[in-house]
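Basis for what follows: all heavy atoms, side chains included, without hydrogens, waters or symmetry-related copies. Order of appearance sets the numbers: ligands from 1, and atoms from 1 within every ligand. Remember, predicted model here, so these are calculated numbers, not experimental data.
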Amino acid sequence: MTHALLVIDVQNDFCPGGALAVAGGDEIVPGINAAMNDFDAVILTQDWHPAGHSSFASTYDAAPMSMTEMPYGPQVLWPDHCIQGSIGAQFHADLTTDRADLIIRKGYNPAIDSYSAFFENDKTTPTGLEGYLRTRGIDTLTLVGLATDFCVNYSAVDAARLGFDVTVDMKLCRAIDFDGSLAAAETGMRDAGVTLA
Ligand code: VGL
Ligand code: ZN
């Protein structure tokens with residue numbers, strides 16, 4: 001077994017004071033730093049959108065957190081967040097980034113959002129993470145980070161479908177919990193064979 005820690009989107013915009021703040025998002029940072037010592041590999045993801053991204057409400061003068069239909073299905077319209085090169089897109093200042101073997105960016109395609117670290121929201125365009133993990137012989141993943149019900153959830157479900165052994169360490173995650181999204185995510189992850197620890 002080769003076991004990687006996958007740290008999802010621990011960025012300023014998802015922490016208190018950020019553009020898409022997740023309640024308590026910063027509380028998990030010390031625990032994530034400590035956990036890094038227990039794994040064969042540490043991989044960080046970074047939400048990384050161009051200005052005017054198709055997932056931003058401001059792109060359509062729509063209300064943040066309203067829904068739209070994209071060619072690939074329903075999409076939440078978010079406040080502008082994690083814009084490439086911005087302070088909001090930087091990792092939380094206390095997150096240990098030196099231990100990371102790989103930092104994988106996602107959401108850079110202007111036309112498609114990417115919650116998952118593995119596939120864009122069209123569920124077909126790969127980020128390359130699967131190939132990286134397989135070529136390193138990594139077969140087991142523990143996921144932590146932000147947000148439980150969006151990027152952690154989508155990443156965990158995709159990883160399980162790809163055949164990885166997947167655990168989400170829930171105490172090192174925090175949720176947006178928008179319109180029942182946390183309960184739905186927990187059910188979806190369990191149904192996909194993800195262990196919620
Ligand atoms: C995320 C909404 C939009 C996340 C990213 O990291 O969970 N959520 N972009
Ligand atoms: Zn995003």
Result of checking Arg105, Lys106, Arg174 against Asp9 for salt bridge (charged side-chain N to carboxylate O under 4.0 Å, His left out)
Lys106
Under 2.8 Å from the Zn ion (ligand 2) - does any N, O or S atom of Asp47 fall there?
yes
Charged tip of Arg161 within 45° of Phe119 ring normal and under 6.0 Å:
no
Closest to atom 5 (C) of ligand 1 among protein heavy atoms sits Asp47 OD2, 3.2 Å
What's the separation between atom CE in Met65 and atom CG in Leu77, rounded to the nearest 0.5 Å?
10.0 Å
Salt-bridge test for Arg134 and Asp139: reply yes if a basic N is under 4.0 Å from a carboxylate O, no otherwise.
no
Hey, is Leu146 touching ligand 1 through its side chain, its backbone, both or neither, going by heavy atoms under 4.0 Å?
backbone
Please work out which of the three classes, parallel, tilted or perpendicular, describes the rings of His53 and His49, given edges at 30° and 60°.
tilted
Which of the numbered atoms in ligand 1 are under 4.0 angstrom from any heavy atom belonging to Asp9?
4 (C), 6 (O)
Can you list the atoms of ligand 1 that are under 4.0 Å from a heavy atom of Cys151?
1 (C), 4 (C), 5 (C), 6 (O), 7 (O)
Numbered atoms of ligand 1 (with element) below 4.0 Å of His81, judged on heavy atoms:
3 (C), 9 (N)
Residue pair Val168 / Val144, side-chain heavy-atom distance below 4.5 Å
no
I need the nearest protein heavy-atom contact for atom 8 (N) of ligand 1: residue, atom name and distance, please.
Phe150 CB, 3.9 Å
Mind reading off the angle at the Zn ion (ligand 2) between the NE2 atom of His81 and the NE2 atom of His49, rounded to 10°?
90°
Classify the ring geometry of Tyr115 against Trp78: parallel below 30°, tilted from 30° to 60°, perpendicular beyond 60°.
perpendicular
Mind checking whether Ile8 has an N or O less than 3.5 Å away from an N or O of ligand 1?
no
